[in-house]
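Worksheet for the structure shown next.
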Amino acid sequence: MNTIEKHNMHVMPTYGRFDVVLEKGSGCVAVDEDKKEYIDFGSGIGVNSLGFCDDDWADAIFSQAHAVQHTSNYYYTKTSSDFAERLTTATGYQKLFFGNSGAEANECAIKLAKKYSFDKYGKQAGRNIIITLENSFHGRTIATLSATGQEVFHNYFFPFVGGFVNVKANDIADLKEKLATYENKVCAVMFECIQGEGGVIPLEKEFVNAIFSECEKRDILTICDEVQTGVGRTGKFLASENYNVKPNITTLAKGLAGGVPIGVCMADEKCCDVLSKGTHGSTFGGNPISCAGGNVVLSKVLADGFLDEVSKKGEYFKSELEKIDEVEGVDGMGLMIGIRLKTKNAAEVAKACLDEGLLVLTAKDKVRLLPPLTISKQEIDKGIKILKNILDR
Ligand SMILES: *Cc1c(COP(=O)(O)O)cnc(C)c1O
């Protein structure tokens, strides 16, 4: 039995996969079982921020695995303390909680926001509603699915968690109306600066400003889900920096440790001590191997000039893509790119790219690119050439 048959026999069929077995990779190139090479414009789904198997990253993980791989959270490790210090310093947050995925980071944010209001206003106040946006995506656990503002996800798994109210993205009137309807009942507003799974849709500046001013007035916490947009993806370390706002809570995951599981929920001085001893936890959270990977990602992404390069590469992508006839427009920021097509089907384009040796993603009806942040101009050119040939057909 080959790898694909074996997998399908023994693993639950929850994903639509391409029939490719990736065997190894280096930088922005992946290699399959038949030694066919692929330029990587997806980095997993924005996870391999330094590309495949960066030497410094792999060395740090190797060393950590030979020193101590796990301790439980009854003890401390220098690697995770160092990582927490660097990440909070870089982002201006006070403290963080360690989980292992985006959904877990958001679960933590949801619990934190509810407890913040409970502690301050009491159980009777019932101040526990969280506003999320239509077309958002926050994860696959029951609570984060309930938070996700897309009806397609609200199926099968009834009952969902109550207490989430959706507002239309970029609709300030709807935001104000829902805040009025649920006056004194809302504890947080949660949003992605650029809706990723929803189709690479950036929020408008005025809408983000409205979220912050309305929440400020009512002591409502702001939660920014930067699981996809964070860690340099948009040309700033946090996408919220593009909007000049500082949410009370920011969650990170995908690209944070360069390809090993991690998720963090970061909180500011207002709410960083809400989750007290015994109120939250995770067996694997803060795993030193993940943190060792994260330390290398932070060193590189925060190095002088790195984020400017990400922005420049993003601009270059945009200008090259816009030259293609079939491209209707390009959305996103930095290296988070959504390509609107005039006539072609995004999923079919992605399959054709794969056949021609290019890995791309889709989001709704767009072709989505989340290349490694370290991608070179040469690799961009090579990949775009493949994409252009397919779109020109
Ligand atoms: C991917 C993603 C998640 C979920 O992350 P997992 O690691 O799959 O749990 C949550 N929010 C956003 C914005 C994402 O892109």
Side-chain angles (χ1 to χ4, degrees), residues 12 14-17 42-49 97-113 130-150 152-154 157 161 164 166 169 188-203 208 222-234 238-240 242-243 247 249-266 282 284-287 290 293-294 297 331-338 361-364 366 368-371 373:
M12 294 183 194
T14 58
Y15 304 102
R17 291 177 197 265
S43 46
I45 305 178
V47 169
N48 298 337
S49 32
F97 176 85
F98 278 121
N100 312 286
S101 67
E104 279 182 57
N106 289 336
E107 284 274 346
C108 178
I110 291 165
K111 284 179 72 175
L112 196 166
I130 297 180
I131 289 183
T132 61
L133 303 185
E134 286 180 14
N135 198 45
S136 59
F137 181 81
H138 297 299
R140 297 284 197 162
T141 61
I142 292 281
T144 57
L145 261 191
S146 306
T148 291
Q150 298 189 52
V152 286
F153 288 110
H154 295 171
F157 310 111
V161 177
F164 291 98
N166 293 151
V189 174
M190 182 170 176
F191 59 94
E192 304 151 85
C193 288
I194 305 173
Q195 297 187 325
E197 301 308 308
V200 193
I201 301 170
L203 294 186
V208 173
T222 46
I223 303 172
C224 192
D225 176 350
E226 297 233 25
V227 167
Q228 189 161 153
T229 55
V231 201
R233 177 57 55 191
T234 67
L238 298 179
S240 57
N242 296 300
Y243 293 83
I249 298 170
T250 287
T251 57
L252 296 172
K254 289 190 165 85
L256 184 56
V260 283
I262 194 167
V264 301
C265 173
M266 306 189 292
S282 161
F284 286 114
N287 175 273
S290 296
V297 170
D331 303 317
M333 283 181 207
L335 291 174
M336 180 167 183
I337 299 164
L361 303 162
T362 60
K364 294 282 166 72
K366 293 180 192 173
R368 174 174 45 157
L369 310 181
L370 299 169
L373 304 179

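In each ligand, atom 1 is the first atom listed, and ligand 1 is the first ligand listed.
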Which bit of [X] gets closer than 4.0 Å to ligand 1, counting heavy atoms only: side chain, backbone, both or neither?
X: Asn106; answer: side chain
X: Ala253; answer: neither
X: Glu226; answer: neither
X: Glu192; answer: side chain

Q. Looking at Ala239 and Glu226, what are the two nearest heavy atoms and their distance?
A. N-OE1, 2.7 Å

Q) How far apart are the closest heavy atoms of Pro261 and Asn100, and which atoms are they? A)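 Looking at all heavy atoms of both residues, the shortest contact is CB-O, 3.6 Å.
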
Q: Check the side chains of Asn242 and Thr234 for a donor-acceptor pair under 3.5 angstrom, ignoring hydrogens and angles.
A: yes

Which of the atoms of ligand 1 are close to [X], meaning less than 4.0 Å from one of its heavy atoms?
X: Ala103; value: 4 (C), 5 (O), 6 (P), 9 (O)
X: Ser101; value: 7 (O), 9 (O)
X: His138; value: 10 (C), 11 (N)

Polar atom proximity, [X] to ligand 1 (N or O, under 3.5 Å):
X: Asp225; answer: yes
X: Gly102; answer: yes
X: Gln228; answer: yes
X: Gly139; answer: no

(Q) Against Val264, only a single residue in Leu256, Thr250, Thr251 fulfils side-chain contact (heavy atoms from CB on, under 4.5 Å); can you say which? (A)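 With Val264 as partner, side-chain contact (heavy atoms from CB on, under 4.5 Å) holds for just one option, Leu256.
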
Q: Just do the side chain to side chain contact (heavy atoms under 4.5 Å, CB included) check on Phe137 and Val227 with the steps written out, would you?
A: CA-CA 10 Å; Phe137 181 81; Val227 167; over 6 Å; no

Q) For atom 14 (C) of ligand 1, what's the nearest protein heavy atom and its distance? A) Lys254 NZ, 2.9 Å

Q | Rounded distance [0.5 Å steps], OG in Ser49 versus CZ in Arg233 | A | 7.5 Å

Q) Going from CZ on Phe157 to OG on Ser146, what distance comes out if it is rounded to the nearest 0.5 angstrom? A) 11.0 Å

Q. Under the 4.0 Å line, does any protein heavy atom show up next to atom 9 (O) of ligand 1?
A.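 When distances to the protein are checked, atom 9 (O) of ligand 1 has a heavy atom within 4.0 Å.
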
Q) What do the steps show when you test Gln228 against Arg368 for side chain to side chain contact (heavy atoms under 4.5 Å, CB included), and what is the final call? A) CA-CA 12 Å; Gln228 189 161 153; Arg368 174 174 45 157; 2.7 Å; yes

Q.
Determine whether a donor-acceptor pair (N or O, by modelled atom type, separation under 3.5 Å) exists between the side chain of Gln195 and the backbone of Glu134.
A. yes

